[in-house]
Amino acid sequence: MTTRDSVRQRPAVRRIPTVTIVVCGIALLAWVAILRQWLPMPGGEMGMEMRMSDPGVPEAMALEGGPVGIALYLVVWGTMMIAMMYPSSVPLFRLYDGTLREVSRTARLARLGALVGTYTLVWTLTGLVPLAVNAVVPIAPLATDHGSLLFGGVLVLLGGYQLSTYKYRCLDRCRSPFGFLLTYHRPGIVGAARMGWEFSRFCVGCCWALFALMVVAGSMNVLWMAGIAVMLSLERTVPWGPQLARAVGAVAAVGGVAVLAVATV
């Protein structure tokens, strides 16, 4: 390779935006933290008898640990959301960063931090939902005694939502960062935080049924986490994402009905 060829290739490498590298790096670090089990969870009698990857076990252990247990659960849940949601959110973060070239570096970092931080906070707080559900209806014993009925019912729920109109209204916003910014762009740090709220609202609306399935299958089950992360990332980024979402909905609905039929025989 000649010196001239090397010079020509350098701009191609530099075209990767810093925000993309940083966000993907944070997501990768979150996956490493999960796989290496760097984040502690409160122990308890249930933890000695069942695995953390079993349905309802992390939620029951968190509730058993009181405020400290709930806080640790939310830290783990938030890390999971970073690992699963950041990669498919890069297009919006990168596009918004591109609108900040005329402001100072400090203002740019503050506004990006407000957008990404609000987005992360909302996703972290969604971890309160499985905790609240588990407080009313303990998932672990239900999964042990009626696992097929529980899993089949959630599959039917997922299938119905994946085929609903509201799902695609939210998915359209998630898939079109340019359109989102045209509609919801606001100036300043407060405006960036508001955009983070709006974007996270659409993302939760798009993906909540997939996370409901993950909780029922085992919220700390790494295989389910990885599979659902790939699924929602493809839905939000590839040209055939909506068709994939409909296919997942149809398969989930049919599979759920089949599971329920076998369970009730």
Side-chain angles (χ1 to χ4, degrees), residues 15-31 33-34 39 67-68 70-132 165-212 229 232-233 235-237 241:
R15 287 195 191 103
I16 302 176
T18 302
V19 67
T20 300
I21 297 173
V22 171
V23 170
C24 290
I26 293 173
L28 178 60
L29 182 61
W31 276 110
I34 293 167
L39 304 172
V68 173
I70 292 173
L72 288 175
Y73 177 89
L74 290 178
V75 169
V76 175
W77 180 272
T79 303
M80 290 163 51
M81 296 303 102
I82 289 173
M84 299 174 73
M85 300 304 301
Y86 269 25
S88 58
S89 301
V90 164
L92 176 69
F93 299 157
R94 184 181 62 213
L95 190 62
Y96 178 63
D97 179 60
T99 69
L100 302 175
R101 292 175 181 172
E102 301 301 321
V103 302
S104 68
R105 180 179 178 83
T106 301
R108 185 177 187 177
L109 291 176
R111 295 181 191 184
L112 273 173
L115 173 68
V116 178
T118 303
Y119 181 77
T120 306
L121 177 61
V122 172
W123 270 112
T124 299
L125 293 178
T126 60
L128 293 172
V129 176
L131 290 177
T165 303
Y166 187 73
K167 158 78 178 186
Y168 292 94
R169 190 181 307 166
C170 294
L171 183 60
D172 285 344
R173 294 295 187 185
C174 293
R175 287 178 52 82
S176 177
F178 183 74
F180 175 85
L181 285 181
L182 283 178
T183 304
Y184 294 98
H185 185 273
R186 300 291 185 275
I189 296 175
V190 175
R194 183 176 176 181
M195 284 190 290
W197 157 253
E198 294 290 349
F199 188 61
S200 60
R201 185 168 62 89
F202 287 120
C203 290
V204 172
C206 174
C207 305
W208 72 264
L210 286 167
F211 285 108
L232 62 86
S233 295
E235 281 187 2
R236 298 173 65 190
T237 57

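The first residue of the sequence shown is numbered 1, and numbering continues consecutively from there. What you are looking at is a predicted structure, and each value in this text was computed from that prediction instead of being measured.
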| How long is the gap from CZ on F199 to SG on C174, to the nearest 0.5 Å? | 5.0 Å

| P130 to Y73 - nearest heavy-atom pair and separation | CG-OH, 3.5 Å

| query | Are V76 and L72 close enough that some pair of their side-chain heavy atoms sits under 4.5 Å apart? | reply | no

| field | Contact summary for C206 and E235, nearest pair of heavy atoms | value | SG-OE1, 4.2 Å

| message | Could you report the tightest heavy-atom contact between A83 and I34, atom names first, then the distance? | response | CB-CD1, 4.1 Å

| note | Residue set satisfying side chain to side chain donor-acceptor pair (under 3.5 Å) with W197, at least two apart, ordered chain then number -> none

| Do T118 and M195 come within less than 4.5 Å of each other through their side chains, counting heavy atoms only? | no

| Looking only at atom types and distance, does a side-chain atom of W77 sit under 3.5 Å from a main-chain N or O of W123, one as donor and one as acceptor? | yes

| CG on L181 to CZ on R186, rounded to 0.5 Å | 11.0 Å

Please tabulate, one pair per line, all N/O donor-acceptor pairs under 3.5 Å involving side-chain atoms of residues 85-98, not counting sequence neighbours.
| from | atom 1 | to | atom 2 | distance (Å) |
| --- | --- | --- | --- | --- |
| Y86 | OH | T120 | OG1 | 2.5 |
| S88 | OG | M85 | O | 3.3 |
| S88 | OG | R236 | NH1 | 2.9 |
| S89 | OG | M85 | O | 2.9 |
| S89 | OG | Y119 | OH | 2.8 |
| S89 | OG | R236 | NH2 | 3.3 |
| D97 | OD1 | R108 | NE | 2.8 |
| D97 | OD1 | R108 | NH2 | 3.2 |
| D97 | OD2 | R108 | NH2 | 2.9 |

| message | Show, in sequence, the C-alpha distance, side-chain angles and deciding distance for W208 and T126, and conclude whether the side-chain contact (heavy atoms from CB on, under 4.5 Å) test is met. | response | CA-CA 9 Å; W208 72 264; T126 60; over 6 Å; no

| request: Go through the steps to decide whether C24 and T20 satisfy the test side-chain contact (heavy atoms from CB on, under 4.5 Å), and finish with yes or no. | output: CA-CA 6 Å; C24 290; T20 300; 4.2 Å; yes

| request: Give the intermediate values and the outcome of side-chain contact (heavy atoms from CB on, under 4.5 Å) for residues F202 and R169. | output: CA-CA 8 Å; F202 287 120; R169 190 181 307 166; 5.7 Å; no

| Atom of M84, atom of L232 and distance for their closest heavy-atom approach | O-CD1, 3.7 Å

| query | Are Y184 and R173 side-chain neighbours, meaning at least one heavy-atom pair lies under 4.5 Å? | reply | yes

| field | For R201, salt bridge (Lys or Arg N to Asp or Glu O under 4.0 Å) partners two or more places apart | value | E198

| message | Given 3.5 Å as the limit, does a donor-acceptor pair link the side chain of S200 with the main chain of G196, or not? | response | yes

| task | Kindly compute the distance separating CG (L100) from CZ (R111), expressed to the nearest 0.5 Å. | result | 6.0 Å

